[in-house]
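The next block holds one structure in the form of structure tokens; read it before the comments.
Remember, predicted model here, so these are calculated numbers, not experimental data.
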Amino acid sequence: MFSFFEKKVFLVDYLHGLVDMHNHVLPGIDDGAKTVDQSLDLIKGFSEFGVTSFVFTPHVMHHYYPNTQETVKKAFILLQNELKLQGVLSVKTSYAAEHMIDDNFESLLASDEVLPIKKEYLLIEMSYLQPSLNFDGAIQKIASKGYYSILAHPERYAYYHNTLKVYETLKSKGILFQLNLLSLSGYYGTEIQKVAMYLLKEGMIDFVSSDAHHKNHIAQLKEIKIQKSTLNLLLPIIEKTILSFY
């Protein structure tokens, strides 16, 4: 009768086969894994609950992580070679990037230097401090290039929390939303958890992923318990994520 009394389940028990399409597993090029060994530890941690398909998405962020198609590919090949050396053959991998909408983004887009997922989706983010000044224009230009915009972790932009209607405006522009699974716990804070649940209940979430940077994220993911009503909302999104990115 009351959701408070619903039996909770471990989220990871329902992630088998998920394509983790947003993470920072590639070694040494952003604030995620620093070494190949750390990358391998992350992949091993994922495999323990049945996640063996990945799109690696390091940051592309002017002045901070100025990655290019070349630097991302180099890190990807380094990790791929080590996976082969260690006989890890069950992991399916590809690479793209998480693009900050900053003062350099539109230049990268215009010169075809972005890294899309499956040639049609562009994973984008904004600062946690304030919205990108050129956001609307960037979204239009992304569409004109034939890409679908996926906004990473919309629930984490605190400047939207007091004006939830803005999410409807973003969706009306054709922007897809990717939820961080850790947002369903209190990991990033209770306010982010509340907004994550709001977006989920309103049917605004298109994809889910880990946004994992280090082993603690994997450990925290394993601890998440959710109500079955929340699981019922998540299962179709998990399936959509698999079908879209496998």
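- Other residues sharing a hydrophobic cluster with Tyr64 under the 4.5 Å side-chain heavy-atom criterion for ILVMFWY residues are Met61, Tyr65, Met100.
- In this structure, the salt bridge (Lys or Arg N to Asp or Glu O under 4.0 Å) partners of Lys141, at least two apart in sequence or on a different chain, are Glu106.
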- Message: Would Tyr95 and Phe56 count as a ring pair (Phe, Tyr, Trp, His ring centres under 6.0 Å) here? Give the steps.
- Response: CA-CA 4 Å; Tyr95 66 91; Phe56 303 131; 8.6 Å; no

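- Atom NZ of Lys215 has 12 or fewer heavy atoms from other residues, nucleotides or ligands within 6.0 Å.
- For Thr52, there are no side chain to side chain donor-acceptor pair (under 3.5 Å) partners at least two apart in sequence or on another chain.
- Within the structure, side chain to side chain donor-acceptor pair (under 3.5 Å) contacts touching residues 233-246 (residues at least two apart or in different chains) are Asp206-Lys240.
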Could you give the side-chain donor-acceptor pairs of residues 124-131 under 3.5 Å, partners two or more places apart or in another chain?
residue : atom : partner : partner atom : Å
Glu125  : OE2  : His59   : ND1          : 2.9
Ser127  : OG   : Leu129  : N            : 2.9
Tyr128  : OH   : His153  : NE2          : 3.2
Tyr128  : OH   : Arg156  : NH1          : 3.1

- Apply the test salt bridge (Lys or Arg N to Asp or Glu O under 4.0 Å) to residues Lys171 and Glu168: give CA-CA distance (whole Å), side-chain angles for both, the deciding distance (0.1 Å), then the verdict. CA-CA 5 Å; Lys171 294 296 289 184; Glu168 295 179 14; over 6 Å; no

- Message: I'd like to know whether Lys194 forms a salt bridge (Lys or Arg N to Asp or Glu O under 4.0 Å) with Glu155, so could you lay out the CA-CA distance, the side-chain angles of the two residues, the decisive distance to 0.1 Å, and finally the verdict.
- Response: CA-CA 9 Å; Lys194 288 177 184 176; Glu155 71 281 1; over 6 Å; no

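- Using bins of under 30°, 30° to 60° and over 60° for the plane-to-plane angle, the ring pair Tyr198/Tyr167 lands in the tilted bin.
- For the side chain to side chain contact (heavy atoms under 4.5 Å, CB included) with Ile175, the qualifying choice from Ile142, Leu151, Ile150 is Leu151, the only one to do so.
- Among pairs with a residue in residues 28-40, none fulfils salt bridge (charged side-chain N to carboxylate O under 4.0 Å, His left out), at least two apart in sequence or across chains.
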